[in-house]
K.L.:
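First the structure, which I've put down as structure tokens, then a few questions once you've had a look.
In what follows, every chain begins at residue 1, and chains take the letters A, B, ... in the order their sequences are listed.
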Amino acid sequence: MWTPGGAVECQPPSVKPTCSSAPPEKNTLEQHTDSMRNFSEKSKKPCHCTKSLCLKLYCDCFANGEICNNCSCVNCCNNMEHETIRNKAIKTCLGRNPDAFNSKMHSSVQGAKGSYTRGCNCKSSGCLKNYCECYKAKIMCSSLCKCVSCSNYSRSKVKESAVQKSSHPDDNNTHHTTK
DNA sequence: GAGTTTGAAACT
DNA sequence: CAGTTTCAAACTC
Ligand SMILES: [Zn+2]
Ligand SMILES: [Zn+2]
Ligand SMILES: [Zn+2]
Ligand SMILES: [Zn+2]
Ligand SMILES: [Zn+2]
Ligand SMILES: [Zn+2]
């Protein structure tokens with residue numbers, strides 16, 4: 001909890017869960033300059049969600065199991081003021097993926113428990129940009145990935161010889177998903 | 001800051 | 001399950 005000094009933070013909860021049209025509530029708390037330094041420490045990356053209400057995995061805050069704080073999100077419900085809705089959203093996400101929140105990062109994949117085991121599906125980034133979840137997590141792509149033209153390997157030299165069945169030079173995993 | 005690109009998450 | 005749409009971040013200019 002932070003100490004509201006100027007009373008410039010959240011908006012009154014006017015968001016209705018099943019309402020037809022939600023009024024645009026823009027988070028007015030983002031006056032950096034020197035407000036951030038107050039809390040320091042965490043300084044997590046703020047989200048800028050506008051349509052997900054920060055109640056879907058689109059929102060990094062929500063995906064990481066964190067409450068939005070110092071974010072620029074609109075109509076944010078990822079807070080204790082909307083705990084009921086938030087809990088429902090969490091439940092929905094868990095229904096889709098029981099391990100959705102087990103790992104700090106997004107995970108799904110079979111048998112992933114507290115580890116990144118997502119496997120990316122990049123097609124145009126070569127897994128060398130932050131678009132790639134593997135690259136962002138600073139891990140190499142594995143056989144779980146279905147990326148095309150992957151270069152996210154310790155050995156940047158990836159030969160596409162016919163010898164390689166997959167685009168991945170080193171696949172220690174014998175068990176393949178379904179293929 | 002505006003506009004584009006990108007691939008995960010969501011939806012059908 | 002696959003194809004499509006939605007979404008917010010990463011990136012470019
Ligand atoms: Zn958010
Ligand atoms: Zn947030
Ligand atoms: Zn939020
Ligand atoms: Zn990738
Ligand atoms: Zn990967
Ligand atoms: Zn890759």
K.L.:
Should side-chain heavy atoms under 4.5 Å link Ile, Leu, Val, Met, Phe, Trp and Tyr, which residues sit in the same cluster as A/Ile67?
P.N.:
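Taking Ile, Leu, Val, Met, Phe, Trp and Tyr as members, A/Ile67 shares its hydrophobic cluster with A/Met80.
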K.L.:
Give the rounded distance in Å between these two atoms: CZ of A/Phe101 and P of B/dA9.
P.N.:
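After rounding, the gap between these two atoms is 11 Å.
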K.L.:
Can you check whether A/Arg96 has a side-chain N or O nearer than 4.0 Å to OP1 or OP2 of B/dA10?
P.N.:
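For B/dA10, OP1 or OP2 has a side-chain N or O of A/Arg96 closer than 4.0 Å.
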K.L.:
Return a single string for nucleotides 5-11 of chain C, one symbol per nucleotide in 5' to 3' order, where B is base contact, S is sugar-phosphate-only contact and - is none, cutoff 4.0 angstrom on heavy atoms.
P.N.:
-BSSSBS
K.L.:
Considering only residues two or more places apart or on different chains, which pairs with a residue in residues 120-142 of chain A satisfy ring-ring contact (aromatic ring centres under 6.0 Å, His included)?
P.N.:
none
K.L.:
Would you compute the distance between atom SG of A/Cys47 and atom CD of A/Glu66 and round it to the nearest 0.5 angstrom?
P.N.:
10.5 Å
K.L.:
Calculate the interatomic distance between A/Lys146 atom NZ and B/dA8 atom C1'; express it in whole Å.
P.N.:
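Checked: the NZ to C1' distance equals 12 Å.
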K.L.:
side-chain hydrogen bond (donor to acceptor under 3.5 Å, both in side chains) for A/Asn78 and A/Arg86? Distances and angles first, verdict last.
P.N.:
CA-CA 6 Å; A/Asn78 185 24; A/Arg86 181 172 181 267; 2.5 Å; yes
K.L.:
Looking at A/Glu133 and A/Lys136, does any basic side-chain N land under 4.0 Å from a carboxylate oxygen?
P.N.:
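Looking at A/Lys136 together with A/Glu133, the answer is yes, because their closest N to O distance falls below 4.0 Å.
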K.L.:
How long is the span from the CG atom in A/Leu144 to the SG atom in A/Cys120, to the nearest 0.5 Å?
P.N.:
10.0 Å
K.L.:
Output yes when at least one side-chain N/O atom of A/Ser125 is less than 4.0 Å from OP1 or OP2 of B/dT5, else no.
P.N.:
no
K.L.:
With heavy atoms under 4.0 Å as the rule, sort A/Cys120 into base, sugar-phosphate or nothing.
P.N.:
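A/Cys120: backbone/sugar contact only, no base atoms under 4.0 Å.
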